[in-house]
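Worksheet: one structure, shown below.
For the numbers below, each heavy atom of this structure counts, side chains included, while hydrogens, waters and symmetry mates do not.
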Amino acid sequence: MHVVATAGHVDHGKSTLVRALTGTDPDRLEEERRRGLTIELGYAWTSWPGLGELDQVAFVDVPGHERFLTTMLAGIGPVPAALLVVAADDPWMPQAAEHLAALDALGVGHGVVAVTRSDLADPRPAVARAAAEVARTSLAGAPVVAVSGRTGAGLDDLRAALADVLTALPSPDADADVRLWVDRRFTVRGAGTVVTGTLPAGTVRVGETLAAGDRLVRVRGLQALGQDTDAVSGTARVALNLTGDVDAIARETVLTTPDAWHHTEVVDVRLRPGPGTGDAGPPLAPQLHVGAADVAVRHRPLGDPRGGIARLTLERALPLRVGDRMLLRDPGDRRLWRVDVLDPDPPRLRRRGAAERRAAQLAGADGTPRLADELARRGLAHRDRLCRIGVPVTSGDHLEAGPWLVSPALVGAMAERLVPLVEEHARTHPLDPDVPLTVLADRLRLPSPDLVVPLVRAPLQVVGGRVRSPGAGLPTAVAAAVDVVRRELEGAPFAAPTADRLRELALDDRALGAAERAGLLWRVAPGLVLLPGAAEAAAARLALLEQPFTTSAARQDLGTSRRVVLPLLDRLDRAGLTRRLADDRREVVR
């Protein structure tokens, strides 16, 4: 369906016009009918031929009285098109100007202006004034049609103009994440809790689960245009019968696809003053309007207030994304500011001058979610977090490691820092110069050691979960002692030096481990070392024996002792070079 919100000054005939267009009275409260004005949001719908598959049009009729501005903003917030109503027998009124400024601030670019009561006064002056006013807003170029809700004059022209606007609307994404701002909550006997709202995109289905903050609710029933249905895709007016943790659900609650949105209390934005606002910025504690929500916020300019970059701290968390359009209002007067969300997940401002630096960082941001721009500001980000704040993950020159994305600038900076970190570790740990990836991730303040591996550049190399620098050698004394052991083993490859011989050479476990990591020795077992490649050499010699062979035959053939041959054969078994049989004999695996 298509959804249209009305706007305009009180008593200019919005409800009368909706009733004439749909045949339904949108004023649902007795007090509204008695007083002749809209107090709460009203709804009416009709079917218009010529709109293709989406031939249903729903109207959200909003209050025009200045005391009900918050309700009016709740009605137009999620709606893609507007019907601005002004009266031919009245001058341009303050509430019409305020409603038009709100539509402009929220970026509503599709709409029609209806000049009502054309039967009571010449509509031409009002048509000219309305056209001039909308020409300075996001509704520039909107058709202006003179009508009479009482006589029906001009209604066909108005329907045709609305049909042209509605068919030009972009099609919402039916697969988008759901974000439904609740604008009414009530209880139906026999059904329970029912909420209504305008679904701008995505699809709601009977039986699915939605999140209301940290609570989960289930959609037990679903209606659109007064009819039960199994699924509804935006844009649509919907009524949801909910079960589950519904006690806290009220007007302004936001229902979302679970785990798909980032709920935030702090957001960095760009502010643009509305008509007549002047250069003065918002007060310290303005009201923020987004969707159907009305939230008190704390306003903090970042950098020069004239730059329009600011940080808003919300009284409660809301699901926001980069590019969201909101409205800021001074509760003390009629001043409005357009708000473009630049970053719903901003960094903390910890140090002196951080606000100015942040403003400079966001100076070129326009609210369009771009991965390259986001990574340039953040350095690195988690894929899921980017999706939750509305930034599409696309291909580019960034680094991807698991769920993490890293900007090219940060990759270069981290790679440069890696070399001195490895060299420093080698100097302070001469017997253990290879740095574990976890240690480097901690030193570089990276969230995962997987991010370190792509940063390693020659001459550094990753070996066994550690980063090795080829220039990091053994201490001189250790290297000399290892050379002695190697020469002795070259003459008798399987006659491992005894514990006494190792003590004589001052080679303890740490020194032997360093020699093994350097590729100079192979530790068969604690305190037992042979040359690298001894396992393959032993298997080759044992293959020449009659198969299967005994431990004693292996010891004799290799020219060694039981102290060496038992752990050596065990290592050969584990390496799959030999196979131990039930009678304790072995055979070489061919």
- Task: Please examine the side chains of R185 and I249, heavy atoms only from C-beta on, and report whether any two atoms are closer than 4.5 Å.
- Result: yes
- side-chain contact (heavy atoms from CB on, under 4.5 Å) between V147 and D157, worked out: CA-CA 8 Å; V147 297; D157 293 338; over 6 Å; no
- Say whether, by atom type as modelled, one donor and one acceptor occur between the side chain of N241 and the main chain of T193 under 3.5 angstrom. yes
- Query: So how far is it from R220 CZ to E208 CD, rounded to the nearest 0.5 Å?
  - Reply: 15.5 Å
- Task: Search all heavy atoms of P283 against all heavy atoms of P286 and return the closest pair with its distance.
- Result: O-CD, 3.3 Å
- Task: Please round to the nearest 0.5 Å and tell me the distance separating atom CZ of R357 and atom CG of L362.
- Result: 13.0 Å
- Message: Assess, by modelled atom type and distance only, whether the side chains of T209 and R218 contain a donor and an acceptor separated by less than 3.5 Å.
- Response: no
- Message: Any non-hydrogen side-chain atom of V204 less than 4.5 Å from a side-chain atom of L240?
- Response: yes
- Message: Taking V108's backbone N and O only, do any of them form a donor-acceptor pair with S138's side chain (distance below 3.5 Å, no angle check)?
- Response: yes
- So E252 and R316, salt bridge (Lys or Arg N to Asp or Glu O under 4.0 Å) or not? Walk me through it. CA-CA 11 Å; E252 300 189 22; R316 68 177 187 274; 2.8 Å; yes
- Task: Step by step, work out the side-chain hydrogen bond (donor to acceptor under 3.5 Å, both in side chains) result for D177 and T256.
- Result: CA-CA 7 Å; D177 299 322; T256 60; over 6 Å; no
- Message: To the closest 0.5 Å, what do you measure between CD (E374) and CG (L342)?
- Response: 9.5 Å
- Message: Is the shortest side-chain heavy-atom distance between L21 and R159 below 4.5 Å?
- Response: yes
- Query: Can you tell me how far CG of D373 sits from CG of D343, rounded to the nearest 0.5 angstrom?
  - Reply: 12.0 Å
- At what distance, to the nearest 0.5 angstrom, does OG1 of T6 lie from NE2 of H99? 8.5 Å
- Message: Would the distance check show the side chain of S148 and the main-chain N or O of T151 forming a donor-acceptor pair, the cut-off being under 3.5 Å?
- Response: yes
- Item | Minimal non-hydrogen separation, T167 against D164, with atom names | OG1-O, 3.0 Å
- Query: Does a side-chain heavy-atom distance below 4.5 Å link V182 with V254?
  - Reply: no
- With distance as the sole test, does R272 use its side chain to make a donor-acceptor pair with the main-chain N or O of W337 at under 3.5 Å? no
- Message: Which heavy atom of A121 sits nearest to which heavy atom of A88, and what is that distance?
- Response: CB-O, 3.7 Å
- Task: Would you mind checking if R325 and D340 are paired as a salt bridge, meaning a charged N to carboxylate O distance below 4.0 Å?
- Result: yes
- Query: Do R298 and V266 touch side chain to side chain, with heavy atoms closer than 4.5 Å?
  - Reply: no
- Taking it one step at a time, do L327 and V290 satisfy side-chain contact (heavy atoms from CB on, under 4.5 Å)? CA-CA 7 Å; L327 185 149; V290 53; over 6 Å; no
- Query: Which residue pairs pass the salt bridge (Lys or Arg N to Asp or Glu O under 4.0 Å) test when at least one of the two sits in residues 254-271, sequence neighbours left out?
  - Reply: D268-R311, D268-R358
- Sub-4.5 Å side-chain heavy-atom contact between P282 and L271: yes
- Pair L371-L386, side-chain contact (heavy atoms from CB on, under 4.5 Å): steps then yes or no: CA-CA 8 Å; L371 178 61; L386 289 171; 3.7 Å; yes
- Message: Measuring from atom CG of L288 to atom CZ of R329, what distance do you get when rounded to the nearest 0.5 angstrom?
- Response: 10.5 Å
- For residues L199 and S233, report the shortest heavy-atom separation together with the two atoms involved. CD2-C, 4.0 Å
- Whether H299 side chain and L284 backbone form a donor-acceptor pair below 3.5 Å: no
- Query: Any side-chain donor-acceptor pair under 3.5 Å between D183 and T196?
  - Reply: yes
- Heavy-atom pair of closest approach, residues T229 and A231: OG1-O, 3.2 Å
- Query: Side chains of D104 and L139: does their closest heavy-atom pair fall under 4.5 Å?
  - Reply: no
- Trace of the salt bridge (Lys or Arg N to Asp or Glu O under 4.0 Å) decision for R385 with D345: CA-CA 9 Å; R385 178 57 63 92; D345 185 24; 2.7 Å; yes
- Cut-off 3.5 Å, side chains only: do R321 and H262 have a donor facing an acceptor? no
- Note on the structure: In short, salt bridge (Lys or Arg N to Asp or Glu O under 4.0 Å) pairs touching residues 118-136 with sequence neighbours left out are D119-R150, D122-R124, R129-E133, E133-R136
- Message: Do T22 and T46 pair up side chain to side chain, a donor and an acceptor below 3.5 Å, judged on atom types alone?
- Response: no
- Would you sort out whether V113 and V134 count as a side-chain contact (heavy atoms from CB on, under 4.5 Å), showing the intermediate values? CA-CA 9 Å; V113 181; V134 300; 3.8 Å; yes
- Would you name the heavy atoms of V178 and W261 that are closest together and state the gap between them? O-NE1, 3.0 Å
- Sidechain-backbone polar pair: Q361 side chain, R377 backbone, donor-acceptor under 3.5 Å: yes
- Non-hydrogen side-chain atoms of V127 and V86 separated by less than 4.5 Å: no
